[in-house]
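Counting begins at 1 with the first residue of the sequence.
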Amino acid sequence: MISAKNLILCLALPLLLVGCRENPEDLFTKGKQALACGNLPDAVTYLKRAVKASPNALDAMKLLGGTYYRLGEMDQSAELFDEVLTIAPNDLTALEARGRIAGNLGHWRDANTFFTRAVTAASDPQDISRIQTAWGMADDLRGDTMLAAARLLFAIRANATNEVALYNLAVLFKEKLNLPRESAELFNLYLRTDGSAVREAPAQKALDSLKTLIQKSDSTRTRLIAETKPQAEKAIRERQPRKAAELYRILVSLGLDEKSTLEAAKQAYQTKNYDIACHLLLPLCYHSPRNLVALDLMTRACYACKHYPEARLYGQRCLALIPEAKKAKYDAWLQTVPMARND
């Protein structure tokens, strides 16, 4: 038989436990402070407790995932960021991180998928620049030097003060593309005259130098297009659609004209290389936001890849452009597209 004293303790215990529950915000703050001091193990401890105390705390989940990434714990990092994407499918930090992780693990197809989703969801030029930089570094890790250079150039165009893109493109120009002059100019932009890293926006003179560099890089890109385009055309003649689509994907990143880009995307779509079609169409939809043919094809390619949120996003943009007589039918089809991804 339970005594009166024990009965009181049993009734009070839940209230005591509630009172002792850890505050996730305090734990998150302690985790950030530990990171700032370079104490990664303590940061993991605090952030794990913060996530446990508040399972849907996205900031704590992302910071914990990033800490695992710094510790080299790629599987645990990926698991955290996947949880974030379950709650927020278009979270840029999580998408970029998953792209980086996939690249580090050599899962190139997954890396391209995550980076494509990130660039699709991004609207701020600085976000686009940062994602393209990470994507370019993954391409360089894969050994695709031309594509890596093209992405880093795109990143600098989107944000002329992107230090990571400036530095990595300088290294790429010097070590892999044998362009020492362009490399030296990039390093001059990245470094001060006393050799310390630039931490604020470059002065106007540096910006003018960057414009000159980009003009020179245009000639480099033209040369790379001249080398790659005949290979793509040969692949078409020899009925090698996958190889042709891959080569056109590189050409798009190097700045191929819109008409050629669209034709390559159509070819990729018709040969059921839907992910490549998405990759080809992405820069076209970004730079030509009223190109209805490109937007519609992007919608259908995303749908075929089961990237349903992206399909709905591009479909809504199509809906705003198509003639009134066709809107009802298109809208009816768009309503059948699921709300969530199906990977």
(request) Starting from the C-alpha separation in whole Å, work towards a yes-or-no answer on side chain to side chain contact (heavy atoms under 4.5 Å, CB included) for Leu281 and Tyr314. (result) CA-CA 11 Å; Leu281 289 163; Tyr314 284 104; over 6 Å; no

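- Between Arg117 and Pro89 there is a side-chain heavy-atom pair separated by less than 4.5 Å.
- From Asp127, atom CG reaches atom OG1 of Thr93 across 8.0 Å, with rounding to the nearest 0.5 Å.
- The nearest pair of heavy atoms linking Thr299 to Cys318 is OG1-SG, 3.8 Å.
- A heavy-atom distance below 4.5 Å is not found between the side chains of Leu35 and Lys32.
- Residues Leu27 and Leu58 fall into different hydrophobic clusters, defined by Ile, Leu, Val, Met, Phe, Trp and Tyr side chains chained together at heavy-atom separations under 4.5 Å.
- Ion pair Arg151/Asp140 not flagged as a salt bridge, since none of the NZ, NE, NH1 or NH2 atoms sits closer than 4.0 Å to an Asp/Glu carboxylate oxygen.
- Contact between Gly31 and Ala43 at its shortest, heavy atoms only, is O-CB, 3.7 Å.
- Grouping the Ile, Leu, Val, Met, Phe, Trp and Tyr side chains by contacts below 4.5 angstrom, directly or via other members, places Ile87 apart from Phe81.
- In Phe28, the CZ atom is crowded: over 12 heavy atoms of neighbouring residues, nucleotides or ligands sit closer than 6.0 Å.
- The hydrophobic cluster containing Val171 does not contain Met137, counting ILVMFWY residues as joined when their side-chain heavy atoms lie under 4.5 angstrom apart, directly or transitively.
- Proximity of Cys285 to Asn291: side-chain heavy atoms (C-beta onward) are nowhere separated by under 4.5 Å.
- In this structure, the side chains of Asn112 and Trp135 come closer than 4.5 Å at one or more pairs of heavy atoms.
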(message) Using the rule given for side chain to side chain contact (heavy atoms under 4.5 Å, CB included), can you reason through Lys306 versus Tyr274, listing the C-alpha separation, both sets of side-chain angles and the distance that settles it, and then say yes or no?
(response) CA-CA 10 Å; Lys306 298 182 181 179; Tyr274 302 121; over 6 Å; no

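- Between Trp108 and Asp139, the side chains place no donor N or O within less than 3.5 Å of an acceptor N or O (distance only, hydrogens not considered).
- Both Met61 and Leu40 are part of a single hydrophobic cluster, where members link through side-chain heavy atoms under 4.5 Å apart.
- Using a cut-off of 4.0 Å between Lys/Arg side-chain N and Asp/Glu carboxylate O, Asp26 and Lys30 are scored as not salt-bridged.
- Residues Val51 and Tyr46 fail the side-chain proximity criterion, which asks for heavy atoms closer than 4.5 Å.
- The minimum heavy-atom distance between Pro289 and Leu295, with the atom names listed, is O-CD1, 3.3 Å.
- Side-chain atoms of Tyr330 and Asp296 include a donor-acceptor pair closer than 3.5 Å.
- With respect to Arg100 and Glu96, a salt bridge is recorded, a charged nitrogen being found less than 4.0 Å from a carboxylate O.
- Put simply, CD1 on Ile322 and NZ on Lys326 are 8.0 Å apart, with the number rounded to the nearest 0.5 Å.
- Within the 3.5 Å criterion, the main-chain N or O of Glu73 finds no donor-acceptor partner in the side chain of Ser77.
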(request) Could you go through the side chain to side chain contact (heavy atoms under 4.5 Å, CB included) check for Gln335 and Arg312 one step at a time? (result) CA-CA 8 Å; Gln335 295 306 314; Arg312 292 179 68 88; 4.3 Å; yes

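- Rounding to the nearest 0.5 Å places CD of Gln132 at 11.0 Å from CG of Leu153.
- In Lys174, the NZ atom is not crowded: 12 or fewer heavy atoms of neighbouring residues, nucleotides or ligands sit closer than 6.0 Å.
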(request) Show your reasoning for whether side chain to side chain contact (heavy atoms under 4.5 Å, CB included) applies to Thr113 and His307. (result) CA-CA 10 Å; Thr113 297; His307 297 171; 3.9 Å; yes

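- Taking each heavy atom of Val84 and Ala94 in turn, the nearest pair found is CG1-CB, 3.8 Å.
- To the nearest 0.5 angstrom, Gln316 atom CD is 11.5 Å from Leu321 atom CG.
- The minimum heavy-atom distance between Ala311 and Leu334, with the atom names listed, is O-CD1, 4.2 Å.
- A heavy-atom distance below 4.5 Å is found between the side chains of Leu85 and Phe114.
- Side-chain atoms of Asn168 and Thr133 form no donor-acceptor pair, as typed in the model, at a separation below 3.5 Å.
- Between Asp91 and Lys62 there is a salt bridge, since a side-chain N of the basic residue sits under 4.0 Å from a carboxylate O of the acidic one.
- Going from atom CZ of Arg130 over to atom CG of Leu92 covers 6.5 Å, rounded to the nearest 0.5 Å.
- Residues Ser129 and Asn162 form a side-chain contact, since some pair of their non-hydrogen atoms from C-beta on lies under 4.5 Å apart.
- Val119 is not connected to Leu95 by any chain of hydrophobic side-chain contacts under 4.5 Å among Ile, Leu, Val, Met, Phe, Trp and Tyr, and they are in different clusters.
- Listed for the Thr86 side chain is a donor-acceptor partner under 3.5 Å among the backbone atoms of Asp82.
- In plain terms, the two heavy atoms of Gly99 and Ala111 that are nearest each other are O-CB, 3.6 Å.
- Aromatic ring centres of Trp333 and Tyr303: separated by under 6.0 Å.
- Leu319 contributes atom CG, which lies 6.0 Å from atom NZ of Lys327 (distance to the nearest 0.5 angstrom).
- Residues Ile101 and Leu105 have side chains in contact (heavy-atom distance under 4.5 Å, counting atoms from C-beta outward).
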